[in-house]
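Residue numbering restarts at 1 for every chain, and letters A, B, ... go by the order of the sequence lines. Computed from a prediction, not measured in an experiment: that's the story for all the values here.
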Amino acid sequence: MSKEITSRLQDYAQWYNDLVIKGGLADYSAVRGCMVIKPYGFTLWENMRDQLDRMFKDTGHVNAYFPLFVPKSLFEAEEKNAEGFAKECAIVTHYRLKSDPDNKGKLIVDPEAKLEEELVVRPTSEAIIWSTYKTWIQSYRDLPLLINQWANVVRWEMRTRLFLRTTEFLWQEGHTAHATAQEAIEETTRMLDVYADFAENWMALPVIKGVKTASERFAGAIDTYCIEAMMQDGKALQAGTSHFLGQNFAKAFDVQFLNKENKQEYVWATSWGVSTRLIGALVMAHSDDDGLIIPPKIAPFQVVIVPIHKGEEQKAVIDAKVKTLVQELKLAGIRVKYDDNDNNRPGWKFAEYEKKGVPVRIAIGARDIENNTVEIARRDTKEKVSVGMDDLPLRIINLLQQIQQDMFDKAKAYRDEHITPANTWDEFVRLLNEKGGFISAHWDGTDETEEKIKEQTKATIRCIPLNGEAEEGKCILTGQPSKKRVLFAQAY
RNA sequence: CGGGAGGUAGUUCAGCCCGGUAGAAUACGUGGUUUGGGACCACGGGGUCGCAGGUUCGAAUCCUGUCCUCCCGACCA
């Protein structure tokens with residue numbers, strides 16, 4: 001048991017905070033609701049970002065960058081979108097400070113420097129991007145337009161949590177324009193598939209693909225598709241969204257193209273995004289009371305090597321051996337760190353790297369040199385084995401793959417155990433209180449019922465699963481007929 | 001915005017009630033002994049006690065004001 005980390009059982013929220021802070025991912029900052037992403041956390045993000053970026057490019061997208069600021073008049077053009085985000089916008093009203101005449105050394109906002117038109121700090125970029133697309137799109141030959149941007153956005157949330165909900169966060173947002181609704185819908189689901197692929201195969205995070213109900217839909221979208229993940233406390237977390245925007249933004253920004261028949265048509269749009277929130281999902285899905293557990297494919301370090309030696313002579317022998325090993329491992333494409341820092345003893349390092357979630361630890365001491373072995377320890381299972389040094393890279397590659405797979409299987413088993421059908425209201429309430437997780441239940445399809453259920457249980461409809469089968473049933477609350485089960489859960 | 005906790009060394013905190021030379025642990029630096037699960041000894045550097053007023057011979061401590069952060073809830077990715 002770690003000396004520093006609160007156990008999940010004792011205080012789940014504190015456990016999460018401890019992991020983020022003490023695992024070295026991020027720090028609180030001087031700015032309310034904003035965090036500093038530390039190098040270890042940022043390397044993790046870079047690894048995730050780089051892989052997602054490859055996947056976007058493999059599906060035909062290119063990157064661009066649009067401004068941080070959105071003139072208010074553009075922001076309000078798409079009414080629903082503007083309304084949805086209005087109450088969480090930061091707004092720039094002035095462009096200059098000046099010395100405070102009454103308070104030496106202090107600055108005040110210069111009232112002379114008020115902007116003619118306020119600038120909204122983007123909470124999302126549809127407005128600025130679609131105002132630009134208007135000038136880029138004339139003909140069906142300009143379509144599809146498949147653009148992604150990596151950016152920061154600001155949403156002035158009332159309550160923030162490290163990674164899960166910060167005032168400023170990093171994300172990517174894809175914004176595409178298409179000639180037909182069909183194409184746009186295909187794009188929407190294609191990107192949902194990319195997200196699910198990434199979550200499952202890179203983050204070892206099993207997700208459920210689904211579509212949001214009207215009340216949970218992105219402001220300005222026709223349909224919002226999502227991937228939903230399950231955390232260890234039985235609460236759901238939305239890990240990514242892909243929106244079919246119809247012609248809403250094209251109409252708001254008057255983006256038309258000439259089709260093959262020489263007729264003007266509004267273009268069809270999608271947008272899709274994932275954010276640094278994924279890191280929160282990763283932390284909460286996999287880690288334990290000793291610290292983070294990071295899946296090998298995206299771990300900043302996949303392997304850490306710790307030397308154990310008595311005296312400088314032994315150290316020199318170990319150093320020489322490790323130097324070769326590191327070279328071999330790097331050549332095999334493994335991200336490896338050799339920690340020969342003399343300040344800390346091996347035991348301290350073991351605990352430290354467990355806290356940081358490094359998937360594999362290799363310990364090498366005099367005993368190993370003598371026997372031509374190393375000790376390999378897995379972070380996820382804590383298993384330790386002593387193995388021969390020969391073929392180490394291959395062995396490590398296989399082990400990393402195994403860990404990646406085992407982490408996914410474990411998370412999936414947990415997730416699957418926490419999808420429970422409920423057929424009566426009593427059962428529904430009892431499951432939510434006693435077990436948590438996703439509750440699969442019938443719903444009559446109305447906003448009112450959804451809202452009532454939320455008021456009474458705090459559970460919301462996370463999604464209507466895409467793979468759900470048609471089934472006649474009765475709404476859990478109203479008894480009205482329903483044709484398909486939906487997934488309820490309390491969510492982050 | 002409501003409720004709670006808090007701001008003193010890099011970090012975690014004690015000291016405040018009852019005013020009188022700013023402390024501990026840990027981290028850091030140097031030297032030495034160590035190293036198979038969070039080592040130890042010696043010496044050393046480091047703090048305008050969140051900020052601004054006030055009371056007082058004297059304020060980290062008492063009073064007033066103010067700023068900020070974290071946690072819980074309502075809002076949300």
Between A:F163 and A:G311, name the one whose nearest nucleotide on RNA chain B is closer to the 5' end.
->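 Its nucleotide being nearer the 5' end, the pick is A:G311.
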Hey, does [X] reach any base, or is it just sugar-phosphate, or nothing, if we go heavy atoms under 4.0 Å?
{"X": "A:E352", "result": "base"}
{"X": "A:Y28", "result": "sugar-phosphate"}
{"X": "A:K349", "result": "nothing"}
{"X": "A:F169", "result": "base"}

Check: residues 18-29 of chain A side-chain donor-acceptor pairs under 3.5 Å, at least two apart:
from	atom 1	to	atom 2	distance (Å)
A:D18	OD1	A:Q14	NE2	3.0
A:D18	OD2	A:T6	N	2.8
A:D18	OD2	A:T6	OG1	2.6
A:K22	NZ	A:E4	O	2.9
A:S29	OG	A:V31	N	3.0
A:S29	OG	A:V31	O	3.1
A:S29	OG	A:C34	O	2.6

Near-ring test A:Y16/A:F163, centroid separation under 6.0 angstrom = no
So which protein nitrogen or oxygen atoms get under 3.5 Å of nucleotides 39-46 of chain B's nitrogens or oxygens?
from	atom 1	to	atom 2	distance (Å)
B:A39	OP2	A:R345	NE	3.3
B:A39	O4'	A:R345	NE	3.3

Looking at residues 293-307 of chain A, who's got a heavy atom less than 4.0 Å off RNA chain B?
->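 Per residue number, the list is empty: none.
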What interatomic distance, in whole Å, is found between P of B:U48 and the corresponding atom of B:U11?
->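 Their P atoms lie roughly 13 Å apart.
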P-based separation of B:C70 from B:U33 [nearest Å] =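 Nearest-Å result for B:U33 against B:C70 at atom P: 47 Å.
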Does the B:G37 base have a donor-acceptor partner in the side chain of A:E354 within less than 3.5 Å?
->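 Answer yes: a donor N or O sits under 3.5 Å from an acceptor.
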Just compare B:G37, B:U35, B:C71 and give me whichever is closest to any side-chain atom of A:N17.
->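 In terms of side-chain proximity for A:N17, the closest of B:G37, B:U35, B:C71 is B:C71.
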